[in-house]
Amino acid sequence: MGQDEHRVYLLRHGTTAWSQTGQHTSRTDVPLTVEGELRARQAGQTLTALRPAGPVAVLASPRQRALRTAALAGLADITTEPLLAEWDYGDYEGLTTAQIREQVPDWTVWTHPCPGGETEEQVTARADELLARIAGIGSDVVLVGHGHFSRCLVARWLGLPASAGVRFALDPAGITVLGREHGTPQIERSNIPPWQQG
């Protein structure tokens, strides 16, 4: 299988109580909701429909919401990968954007710092390290992680600044597929919702 035929599948974890309310969630180990577990199972069906049969490497963030999503999606031989952890929001952990903007007008994670957390430069370095690590894997790769960091991975895959992740949506249990055309990185599919019966 040539390099152009290998794909990277980004799977965001299913819904949590904090993702429903828009609270920034990095280190806090919030479990999936009942709906989040259902969507994780459905995302597994979507992955099965998208991926050709064959070997795959599965890496997941160490947070339970990601590991549980990977397991419910039917993925096997899951390797816990600390580099896949969500952007560290520092002092803003657990707060919504509206709450943060009461102190810092117009704040977004893409444009402003997170006191006590990661900088864009640190997130960029982490994303680049992960992409370099998986480049040597001779098969498709499924990365099960989080919203902001996965969007940074999309941006860095394309050679854009991590802050360009703002331009790529990735909903809970959504899937984005990264590939190459004649060696040029591209987005093959973006923010595919989990398959729902009926």
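Given the structure is predicted, the values throughout are model-derived calculations rather than measurements.
Remark: side-chain polar atoms of T46 are not paired, donor with acceptor, to backbone N or O of P194 under 3.5 angstrom. The backbone N or O of V177 lies less than 3.5 Å from no partner atom in the side chain of E188, so there is not a single donor-acceptor pair. Checking side-chain atoms of T28 against main-chain N and O of T25 turns up no donor-acceptor pair under 3.5 Å. A donor-acceptor pair is defined here as one N or O able to donate and one able to accept, closer than 3.5 Å; no such pair exists between the side chain of R7 and the backbone of D140. Under the 3.5 Å distance criterion, the side-chain polar atoms of R68 are left unmatched by any main-chain donor or acceptor of E37. Judged by distance alone, with hydrogens and angles left aside, the side-chain atoms of T80 form no donor-acceptor pair with the main-chain N or O of P62 at under 3.5 Å. Judged purely by atom type and a 3.5 angstrom limit, T176 has no side-chain atom pairing as donor or acceptor with the backbone of G174.
In this view, R41 satisfies the side chain to side chain donor-acceptor pair (under 3.5 Å) rule with no residue, not counting sequence neighbours. For N191, the side-chain contact (heavy atoms from CB on, under 4.5 Å) partners two or more places apart in sequence, or in a different chain, are A169, L170, D171. Partners of Y92 under the ring pair (Phe, Tyr, Trp, His ring centres under 6.0 Å) rule, at least two apart in sequence or in another chain, are W107. With sequence neighbours left out, the side chain to side chain donor-acceptor pair (under 3.5 Å) criterion links T79 to no other residue. Legend: residues meeting side-chain contact (heavy atoms from CB on, under 4.5 Å) with T124, ordered by chain and number and at least two apart, are E120, D128, R156, A162. Looking at residues two or more places apart in sequence or on another chain, you find a ring pair (Phe, Tyr, Trp, His ring centres under 6.0 Å) between W110 and W87, H148. Residues satisfying the side chain to side chain donor-acceptor pair (under 3.5 Å) test with S61, not counting sequence neighbours, are H146.
Sorted pairs that involve residues 93-116 and meet salt bridge (charged side-chain N to carboxylate O under 4.0 Å, His left out), not counting sequence neighbours, are lacking altogether. Applying the salt bridge (charged side-chain N to carboxylate O under 4.0 Å, His left out) test to residues at least two apart or on different chains, none of the pairs has a partner in residues 10-22. Identified under the salt bridge (charged side-chain N to carboxylate O under 4.0 Å, His left out) test for residues 78-91, with sequence neighbours left out: R27-D88, E81-R133.
Considering CG of L75 and OG1 of T69, their distance stands at 10.0 Å, rounded to 0.5 Å. Note that CZ of R65 and OG of S19 are 9.0 Å apart. Values are rounded to the nearest 0.5 Å. Between atom CG of residue L143 and atom CG of residue L130 there is a gap of 5.5 Å, rounded to the nearest 0.5 Å. Rounding to the nearest 0.5 Å places CH2 of W157 at 9.0 Å from CG of L10. To the nearest 0.5 Å, atom NE2 of residue H112 and atom OG of residue S163 are 12.5 Å apart. Taking CD1 from I134 and CG from L153, the interatomic distance works out to 7.5 Å, rounded to the nearest 0.5 Å.
Side-chain heavy-atom separations under 4.5 angstrom define the hydrophobic clusters, and the remaining members of the one that includes V30 are W18. Here L32 sits in one hydrophobic cluster together with L72; the rule is ILVMFWY side chains under 4.5 Å apart, joined directly or through other members.
P185 and L158 get closest at one heavy-atom pair: O-CD2, 3.7 Å. A pairwise comparison of heavy atoms in A43 and I175 identifies O-CD1, 3.7 Å as the closest pair. For the pair A17 and T33, the tightest heavy-atom approach, listed with the atom from each and the gap, is N-CG2, 3.4 Å. Scanning all heavy atoms of the two residues, the minimum distance from A155 to G165 falls at CB-N, 3.8 Å. The minimum heavy-atom distance linking Q23 with T96 is given by the pair CG-CG2, 4.0 Å. Closest non-hydrogen pair, Q103 versus P105, comes out as O-CD, 3.7 Å.
By the criterion of side-chain heavy atoms lying less than 4.5 angstrom apart, applied directly or through intervening Ile, Leu, Val, Met, Phe, Trp or Tyr residues, V142 is grouped together with I192 in one hydrophobic cluster. A continuous path of ILVMFWY side-chain contacts below 4.5 Å connects L131 to V8, so both sit in one hydrophobic cluster.
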Check against side-chain contact (heavy atoms from CB on, under 4.5 Å), L84 and R126:
CA-CA 8 Å; L84 271 168; R126 189 155 55 89; over 6 Å; no

Using side chain to side chain donor-acceptor pair (under 3.5 Å), reason through T108 and T111 one step at a time and then give a plain yes or no.
CA-CA 5 Å; T108 75; T111 57; 2.8 Å; yes

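D77 is not listed as a side-chain neighbour of V58, based on a closest heavy-atom distance of 4.5 Å or more. Proximity of I187 to L178: side-chain heavy atoms (C-beta onward) are separated by under 4.5 Å at one or more points.
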